[in-house]
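Down below is the structure, laid out as structure tokens.
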Amino acid sequence: MSGVSDGSRQAAYRHVCWRYDDRSALHDRVRTFLLEGLALGERVWYVTAEPDPVADRLREEPLVRGALRRGAARIVPLGSAYTHDHVVDPADQVRAYATATADALAAGHTGLRVAADATALVRTPAQRDAFARYEHLIDRYMRVRPMSAMCAYDRRLLGDEAIAELACLHPGSNADDVLFRLYADTPGDGHAALVGELDASNHELFRAALDRADPRPADGRLVVQASDLRFIDHRNLIHLRDHARARGAVAVLRASRSAATRVAELLDLPGLDVEVAR
């Protein structure tokens, strides 16, 4: 799964969407994620709306219990980590986690790792729109600072379509039916990364994802790294071109020699350049 590390120091950047159907399975995933962080010397948080049996079981875990005592771990009530009205301000949320990451570093930890059950924050379309914008902003932050996150969403309460709006903005996800992902690229390589498949079934989702991520151009070019993009149809190419054009830029799709580049080259859209990665 993209975004899941092999335990190297690159684990400092992990941003995973985790769709779950029962809290027992969520506990197992959260436990593994947080214990990996403790092993790497990170400060770890579990953010949730309590009462929560996952939090209760984590407090019984010996390694977590010891980390809670020494300040290396926290169970964070949802309201203290997010805005009070539960419709997040994306920029404020990034600033809050930047402060928490700085505090973790100052205390001698190697970074901050957060597992959050954010289901309560994305129940309405307005909440999801704000939170999706936050997801991409925090993804950009995690590309350059030692923070990682697992964002959990309850499928029973939200449904697959709502979760897809969020999953497509993560580099890693267990929502295998979400066919593409748009996320922050490595600084210096481009303004966004795009993987998977884009066709008639998901072009509206891609248009919404572009709007929420809002990748910005530099020097008149909006570069999208797409070496792992398997397919993109004309609708989605037009969405990408139009997004860049609205910001006074040319869209640059930097892809491998694949069906994605062949479609783009055949259409020859003004305002869209294709660069073949070698």
Could you state the interatomic distance from [atom1] ([X]) to [atom2] ([Y]), rounded to the nearest 0.5 Å?
| X | Y | atom1 | atom2 | answer |
| --- | --- | --- | --- | --- |
| Glu61 | Asp56 | CD | CG | 14.0 Å |
| Cys151 | Ile163 | SG | CD1 | 12.0 Å |
| Arg156 | Asp21 | CZ | CG | 7.0 Å |
| Arg143 | Ile138 | CZ | CD1 | 13.5 Å |

Item to check | CA sep, side-chain torsions, deciding dist, call: Val54, Tyr46, side chain to side chain contact (heavy atoms under 4.5 Å, CB included) | outcome: CA-CA 9 Å; Val54 175; Tyr46 176 51; 3.6 Å; yes
What are the two closest non-hydrogen atoms of [X] and [Y], and how far apart are they?
| X | Y | result |
| --- | --- | --- |
| Val250 | Gly271 | CG1-O, 3.5 Å |
| Phe33 | Val114 | CE2-O, 3.6 Å |
| Ala213 | Arg140 | O-NH2, 2.6 Å |
| Tyr97 | Trp45 | CE2-CZ3, 3.7 Å |
| Pro171 | Asp139 | CD-OD1, 3.6 Å |
| Ala55 | Thr48 | CB-CG2, 4.2 Å |

Check whether any side-chain heavy atom of [X] sits under 4.5 Å from a side-chain heavy atom of [Y], and report yes or no.
| X | Y | result |
| --- | --- | --- |
| Glu36 | Val44 | no |
| Pro270 | Arg241 | yes |
| Pro146 | Leu112 | no |
| Tyr141 | Met147 | yes |
| Cys168 | Leu182 | no |
| Arg57 | Ser24 | yes |
| Phe131 | Leu166 | yes |
| Ile232 | Leu237 | yes |

Does [X] pair with [Y] as a salt bridge, N-O distance under 4.0 Å?
| X | Y | answer |
| --- | --- | --- |
| Arg212 | Glu165 | yes |
| Glu275 | Arg221 | yes |
| Arg247 | Asp214 | yes |
| Arg65 | Glu60 | no |
| Arg207 | Asp211 | no |
| Asp28 | Arg31 | no |
| Asp52 | Arg23 | yes |
| Arg59 | Glu50 | yes |

Checklist entry - Hey, mind stepping through Phe231 and Leu198 against side chain to side chain contact (heavy atoms under 4.5 Å, CB included) and telling me if it holds? => result CA-CA 6 Å; Phe231 178 78; Leu198 287 157; 5.9 Å; no
Checklist entry - Going through the distances and angles, do Val122 and Leu158 end up as a side chain to side chain contact (heavy atoms under 4.5 Å, CB included)? => result CA-CA 8 Å; Val122 295; Leu158 299 175; 3.6 Å; yes
Would you confirm whether [X], through its side chain, and [Y], through its main-chain N or O, come within 3.5 Å as a donor-acceptor pair?
| X | Y | value |
| --- | --- | --- |
| Arg43 | Gly71 | yes |
| Glu42 | Leu38 | no |
| Thr110 | Leu40 | yes |
| His170 | Glu135 | no |
| Arg145 | Gly111 | no |
| Gln93 | Pro90 | no |
| Asp233 | Ala200 | yes |
| Asn202 | Leu205 | no |
| Ser256 | Ser227 | yes |

Item to check | Result of checking Asp177, Asp154, Asp117, Asp176 against Arg19 for salt bridge (Lys or Arg N to Asp or Glu O under 4.0 Å) | outcome: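 That would be Asp177.
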If two hydrophobic side chains count as joined below 4.5 Å and joins carry through other members, does [X] share a cluster with [Y]?
| X | Y | value |
| --- | --- | --- |
| Val252 | Tyr183 | no |
| Leu34 | Ile75 | yes |
| Val224 | Val178 | no |
| Val223 | Ile238 | no |
| Leu269 | Leu222 | yes |

Item to check | Derivation and outcome, side chain to side chain contact (heavy atoms under 4.5 Å, CB included), residues Arg14 and Arg113 | outcome: CA-CA 9 Å; Arg14 288 183 62 186; Arg113 178 176 293 229; 3.5 Å; yes
Next on the checklist: Would Arg155 and Tyr20 count as a cation-pi pair here, with the cationic atom under 6.0 angstrom from the ring centre and within 45° of the axis?
Outcome noted: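 The answer is no, since Arg155 fails at least one limit relative to Tyr20.
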Next on the checklist: Check the orientation of Phe206 and His239. Use parallel for under 30°, tilted for 30 to 60°, and perpendicular for over 60°.
Outcome noted: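 Geometry flag for His239 against Phe206: tilted rings.
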Item to check | Derivation of the side chain to side chain donor-acceptor pair (under 3.5 Å) call for His191 and Gln225 | outcome: CA-CA 8 Å; His191 310 298; Gln225 291 287 350; over 6 Å; no
Checklist entry - Run the side chain to side chain donor-acceptor pair (under 3.5 Å) check on Asn236 and His203 step by step: do they pass? => result CA-CA 6 Å; Asn236 291 289; His203 79 99; 5.3 Å; no
